[in-house]
Amino acid sequence: MPTRKILGVNFHAGTPQEAIQRALGGGLVVVPSAPVLVNATVEPATLAALLESDLALADSGLMVLFWNLTRRDTLRRLSGLEYLKLLLAEQSLRQPGAVFWVMPNEAAIARNSAWLKGQGYPVTKDDFYAAPLYPSGFLNDPALIAAVQARRPQHIIMAIGGGVQERLGLHLKRSLDYRPGIHGIGAAIGFLNGDQVHIPEWADRFFLGWLFRCFEAPSRFIPRYWAARVLISILWRYGENAPPIAGGNAAA
């Protein structure tokens with residue numbers, strides 16, 4: 001499948017349907033936002049997760065716009081929301097035990113379990129894991145690995161924060177003795193179940209999802225997206241090449 005190498009990462013450049021077919025074959029899927037791409041320049045574990053991913057989706061509208069304008073390219077943005085909708089439409093995910101969900105807390109498990117059951121997914125309490133508050137750097141969660149090994153789901157969907165889910169996905173990929181699909185979709189499920197602000201399809205298509213989130217929670221999202229503006233200078237400086245990590249090791 002066609003890719004574009006940006007900051008050392010091979011981003012998917014095919015159709016959304018091709019991305020889903022690739023993801024169904026297993027491996028680590030990352031959907032890095034602009035803040036995550038910026039963080040990868042200073043966080044070895046985040047950079048390692050992006051570089052070792054099996055499928056990287058161009059979710060960042062800022063990255064896609066800058067790349068297409070400066071390279072006269074036509075790279076298509078594929079958001080985490082669009083990807084999750086297509087992934088959940090696959091009938092194989094409706095089989096009992098097919099999906100193991102990693103959530104940020106018990107409250108999120110309760111909300112998402114109710115929504116998934118309402119959509120016809122046969123989930124049980126054993127299909128969910130409440131992630132602890134992870135430290136920075138490379139992660140190690142023996143309890144999660146043991147839970148996944150015991151159930152051996154076809155897919156692991158991580159609905160936790162960007163910057164954490166990439167590193168956790170890398171830990172899962174390196175630690176499991178089989179190859180499930182490991183999908184980091186962040187808050188995308190919240191846009192479907194009503195937990196997050198509703199983003200119309202037209203807004204997601206025209207890279208305006210960030211604006212809706214800023215209107216919903218300005219004190220939280222405006223500083224986050226404002227800080228991510230440095231991605232432009234990072235892309236200008238490094239282009240196709242992975243940024244160096246001062247004093248770090250992306251292969252740890």
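FYI, side chains are in, hydrogens and waters are out, and symmetry mates aren't considered; it's all heavy atoms of this structure.
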Could you give the distance from [atom1] ([X]) to [atom2] ([Y]), rounded to the nearest 0.5 Å?
{"X": "Met1", "Y": "Gln21", "atom1": "CE", "atom2": "CD", "answer": "7.0 Å"}
{"X": "Ile157", "Y": "Phe128", "atom1": "CD1", "atom2": "CZ", "answer": "10.0 Å"}
{"X": "Leu28", "Y": "Ile156", "atom1": "CG", "atom2": "CD1", "answer": "10.0 Å"}
{"X": "Leu65", "Y": "Met63", "atom1": "CG", "atom2": "CE", "answer": "10.0 Å"}
{"X": "Gln154", "Y": "Gln95", "atom1": "CD", "atom2": "CD", "answer": "8.0 Å"}
{"X": "Ile185", "Y": "Leu57", "atom1": "CD1", "atom2": "CG", "answer": "12.0 Å"}

Discussion item. Tell me every residue that passes ring-ring contact (aromatic ring centres under 6.0 Å, His included) with His171, counting only those two or more places apart in sequence or in another chain.
Written reply: none
Main-chain N/O of [Y] paired with [X] side-chain donor or acceptor, under 3.5 Å:
{"X": "Glu18", "Y": "Thr15", "answer": "yes"}
{"X": "Asp59", "Y": "Gly80", "answer": "yes"}
{"X": "Ser113", "Y": "Ala110", "answer": "no"}
{"X": "Arg77", "Y": "Leu62", "answer": "no"}
{"X": "Glu166", "Y": "Gly163", "answer": "yes"}
{"X": "Asn68", "Y": "Leu75", "answer": "yes"}
{"X": "Tyr238", "Y": "Gly8", "answer": "no"}
{"X": "Asn112", "Y": "Ile109", "answer": "no"}
{"X": "Ser175", "Y": "Leu172", "answer": "no"}
{"X": "Tyr134", "Y": "Gln165", "answer": "no"}

Side chains of [X] and [Y]: does their closest heavy-atom pair fall under 4.5 Å?
{"X": "Val102", "Y": "Leu144", "answer": "yes"}
{"X": "Ile145", "Y": "Gln149", "answer": "yes"}
{"X": "Asp54", "Y": "Val30", "answer": "no"}
{"X": "Leu37", "Y": "Ile234", "answer": "no"}
{"X": "Trp101", "Y": "Met158", "answer": "no"}
{"X": "Asn140", "Y": "Pro142", "answer": "yes"}
{"X": "Leu93", "Y": "Leu88", "answer": "yes"}
{"X": "Pro153", "Y": "Tyr178", "answer": "yes"}

Discussion item. Walk me through whether Ser53 and Val29 qualify under side-chain contact (heavy atoms from CB on, under 4.5 Å).
Written reply: CA-CA 6 Å; Ser53 65; Val29 182; over 6 Å; no
Closest non-hydrogen atom pair, [X] against [Y]:
{"X": "Ala23", "Y": "His155", "answer": "O-CE1, 4.3 Å"}
{"X": "Tyr129", "Y": "Ala143", "answer": "OH-CB, 3.7 Å"}
{"X": "Asn10", "Y": "Ala56", "answer": "O-CB, 3.7 Å"}
{"X": "Leu170", "Y": "Ala48", "answer": "CD2-CB, 3.8 Å"}
{"X": "Leu51", "Y": "Ala242", "answer": "CD2-CB, 4.3 Å"}
{"X": "Leu176", "Y": "Val148", "answer": "CD2-CG1, 3.7 Å"}

Discussion item. Checking Asp177 against Arg152 for the side-chain contact (heavy atoms from CB on, under 4.5 Å) test, could you report, in this order, the C-alpha distance in whole Å, the side-chain angles of both residues, the deciding distance, and whether it holds?
Written reply: CA-CA 10 Å; Asp177 64 3; Arg152 303 185 77 81; 3.0 Å; yes
Identify whether the distance between the nearest side-chain nitrogen and carboxylate oxygen of [X] and [Y] falls below 4.0 Å.
{"X": "Arg167", "Y": "Asp141", "answer": "no"}
{"X": "Glu106", "Y": "Arg111", "answer": "no"}
{"X": "Arg174", "Y": "Glu52", "answer": "yes"}

Worksheet item: Are Val42 and Leu7 co-members of a hydrophobic cluster defined by side-chain heavy atoms under 4.5 Å apart?
Response: no
Worksheet item: side chain to side chain contact (heavy atoms under 4.5 Å, CB included) with Arg237: which residues, sequence neighbours excluded?
Response: none
Discussion item. Ala147: which residues meet the side chain to side chain contact (heavy atoms under 4.5 Å, CB included) condition with it, sequence neighbours left out?
Written reply: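 Result, side chain to side chain contact (heavy atoms under 4.5 Å, CB included) vs Ala147: Phe100.
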Item to complete: Begin with the C-alpha distance, continue with both residues' side-chain angles, and end with the deciding distance and a verdict on side chain to side chain donor-acceptor pair (under 3.5 Å) for Asp73 and Trp67.
Response: CA-CA 7 Å; Asp73 203 345; Trp67 185 262; 3.1 Å; yes
Practice prompt. Please lay out, stage by stage, how Lys5 and Phe11 fare under the test side-chain contact (heavy atoms from CB on, under 4.5 Å).
Written response: CA-CA 6 Å; Lys5 180 169 282 190; Phe11 283 95; over 6 Å; no
Practice prompt. Inspect the surroundings of CG in Leu69 and state if more than 12 heavy atoms from other residues, nucleotides or ligands are less than 6.0 Å away.
Written response: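 Yes, the 6.0 Å shell around CG holds more than 12 heavy atoms from other groups.
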Fill in: Aromatic ring pairing Phe66/Trp236, orientation class (parallel under 30°, perpendicular over 60°, tilted between)
perpendicular
Worksheet item: Should Leu24 and Leu87 be marked as a side-chain contact (heavy atoms from CB on, under 4.5 Å) after you check the CA-CA gap, both sets of side-chain angles, and the distance that decides it?
Response: CA-CA 9 Å; Leu24 292 176; Leu87 182 64; 4.3 Å; yes
